[in-house]
Amino acid sequence: MAEQNTSLIICTAYGEGSEHDFTLFKNSKLVISETTLVLADKGYQGIHIFHKNSQTPHKKKKDQSLTVQQKKENKELAKKRIMIEHINRKLKIFRILSSRYRNRKHNFGMRFNLIAGIYNYEVKYRDQLIERI
């Protein structure tokens, strides 16, 4: 989970083996404020059951196409969500998420959180450099 304005990682969740993101979200029992807007991808269809203030893209139904309005809404949501995809890309550079983890399982959470901390440090450091210029 990341904060939209600052693009800082707020919290992380991980599971044993390959597990869908939405399953991780449901199993984490993460409490999110009702005023917080959750922007999710198509894999999170049904998140409104767990969090009322959430948005997911419209999915095309079988033998039907999306309306022009639905396509426009999907595009606007994608523009807002692109930040999290950039964060995923940055984390995958460390290769802990993009390949098989071959070390001890109990160290994975600590290492993943350390990488998230390094990412947050880089973002804050970059912002400080921009402010100086």
Side-chain angles (χ1 to χ4, degrees):
M1 182 175 283
E3 206 274 318
Q4 183 75 27
N5 298 330
T6 61
S7 70
L8 293 175
I9 297 172
I10 296 172
C11 66
T12 61
Y14 54 90
E16 297 284 325
S18 61
E19 195 170 347
H20 193 274
D21 297 344
F22 193 34
T23 307
L24 282 173
F25 175 77
K26 290 187 281 189
N27 292 341
S28 71
K29 302 201 180 5
L30 183 65
V31 178
I32 303 172
S33 171
E34 290 182 14
T35 59
T36 303
L37 176 63
V38 174
L39 305 174
D41 61 7
K42 286 184 187 175
Y44 285 82
Q45 294 293 321
I47 192 171
H48 62 277
I49 296 169
F50 300 96
H51 185 73
K52 300 292 184 210
N53 193 11
S54 59
Q55 292 180 356
T56 57
H58 300 283
K59 285 181 81 170
K60 181 179 90 66
K61 294 183 174 84
K62 188 175 181 178
D63 299 329
Q64 289 183 342
S65 59
L66 294 176
T67 65
V68 175
Q69 180 63 27
Q70 288 175 326
K71 288 181 182 180
K72 184 179 177 185
E73 289 172 5
N74 283 355
K75 195 169 189 175
E76 291 300 317
L77 181 60
K79 286 179 183 179
K80 294 175 187 175
R81 283 198 71 257
I82 193 66
M83 179 266 312
I84 193 67
E85 299 302 333
H86 290 307
I87 292 173
N88 288 341
R89 180 189 149 272
K90 288 280 192 176
L91 294 178
K92 285 183 177 184
I93 288 172
F94 285 93
R95 307 209 22 121
I96 194 169
L97 297 177
S98 59
S99 62
R100 182 180 295 269
Y101 185 73
R102 298 188 181 272
N103 294 311
R104 295 193 173 136
K105 288 189 282 187
H106 67 273
N107 289 338
F108 178 81
M110 177 192 63
R111 288 185 177 151
F112 183 69
N113 286 332
L114 284 171
I115 290 170
I118 291 169
Y119 168 80
N120 283 346
Y121 178 77
E122 286 180 350
V123 169
K124 285 184 177 182
Y125 184 72
R126 180 192 68 209
D127 292 344
Q128 289 175 353
L129 284 177
I130 291 172
E131 288 176 2
R132 289 182 186 173
I133 296 176

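One is the number of the first residue; the rest follow in order along the sequence. Scope of the values below: all heavy atoms of this structure, side chains included, with no hydrogens, waters or symmetry mates. As the structure is a computational prediction, the values presented were derived from the model and not from experiment.
- Contact detail for I84 and A2: the closest heavy-atom pair is CD1-CB, 3.7 Å.
- Interatomic distance, R89 CZ to I87 CD1, rounded to the nearest 0.5 Å: 12.0 Å.
- Across all their heavy atoms, A116 and T12 have their closest contact at CB-CG2, 4.2 Å.
- How far CD of Q4 is from CD1 of I10: 10.0 Å, rounded to the nearest 0.5 Å.
- In the displayed structure, K60 atom NZ is contacted under 6.0 Å by more than 12 heavy atoms of other residues, nucleotides or ligands.
- Cluster membership check: F50 shares its hydrophobic cluster with M1, using side-chain heavy-atom separations under 4.5 Å among Ile, Leu, Val, Met, Phe, Trp and Tyr.
- Contact check for I32 versus F25: side-chain heavy atoms found under the 4.5 Å cut-off.
- Clustering ILVMFWY residues whenever any of their side-chain heavy atoms sit less than 4.5 angstrom apart, transitively, puts L37 in the very cluster that holds L77.
- In this structure, K90 places its NZ atom where only 12 or fewer heavy-atom neighbours from other residues, nucleotides or ligands lie under 6.0 Å away.
- Pairs engaging residues 28-47 under the salt bridge (charged side-chain N to carboxylate O under 4.0 Å, His left out) rule: none recorded [sequence neighbours left out].
- Using a distance-only test at 3.5 Å, with no hydrogens or angles considered, no donor-acceptor pair links the side chain of N74 to the main chain of P57.
- Residues F108 and I9 fall within the same hydrophobic cluster, defined by Ile, Leu, Val, Met, Phe, Trp and Tyr side chains chained together at heavy-atom separations under 4.5 Å.
- A continuous path of Ile, Leu, Val, Met, Phe, Trp and Tyr side chains, each step under 4.5 Å between heavy atoms, connects L30 with Y44, placing both in one hydrophobic cluster.
- Using a 4.5 Å heavy-atom threshold, the side chains of K79 and E76 count as touching.
- Here the closest heavy-atom approach between residue N5 and residue E3 is recorded as N-OE1, 3.3 Å.
- T36 is linked by a side chain to side chain donor-acceptor pair (under 3.5 Å) to nothing, counting only residues two or more places apart in sequence or in another chain.
- Taken from CG in N53 to CG in L39, the straight-line distance is 9.0 Å, to the nearest 0.5 Å.
- Side chain of E73 to main chain of H58: no donor-acceptor pair is present (N/O by atom type, distance under 3.5 Å, no hydrogens or angles).
- Atoms NZ and CG, from K72 and L66 in turn, are 15.0 Å apart once rounded to the nearest 0.5 Å.
- Taking every heavy atom of both residues into account, I47 and S54 meet most closely at CG2-OG, 3.3 Å.
- At least one side-chain heavy atom of I82 sits less than 4.5 Å from a side-chain heavy atom of H86.
- Shown here for F22 and Q45, the closest heavy-atom pair between the two residues is CE2-O, 3.7 Å.
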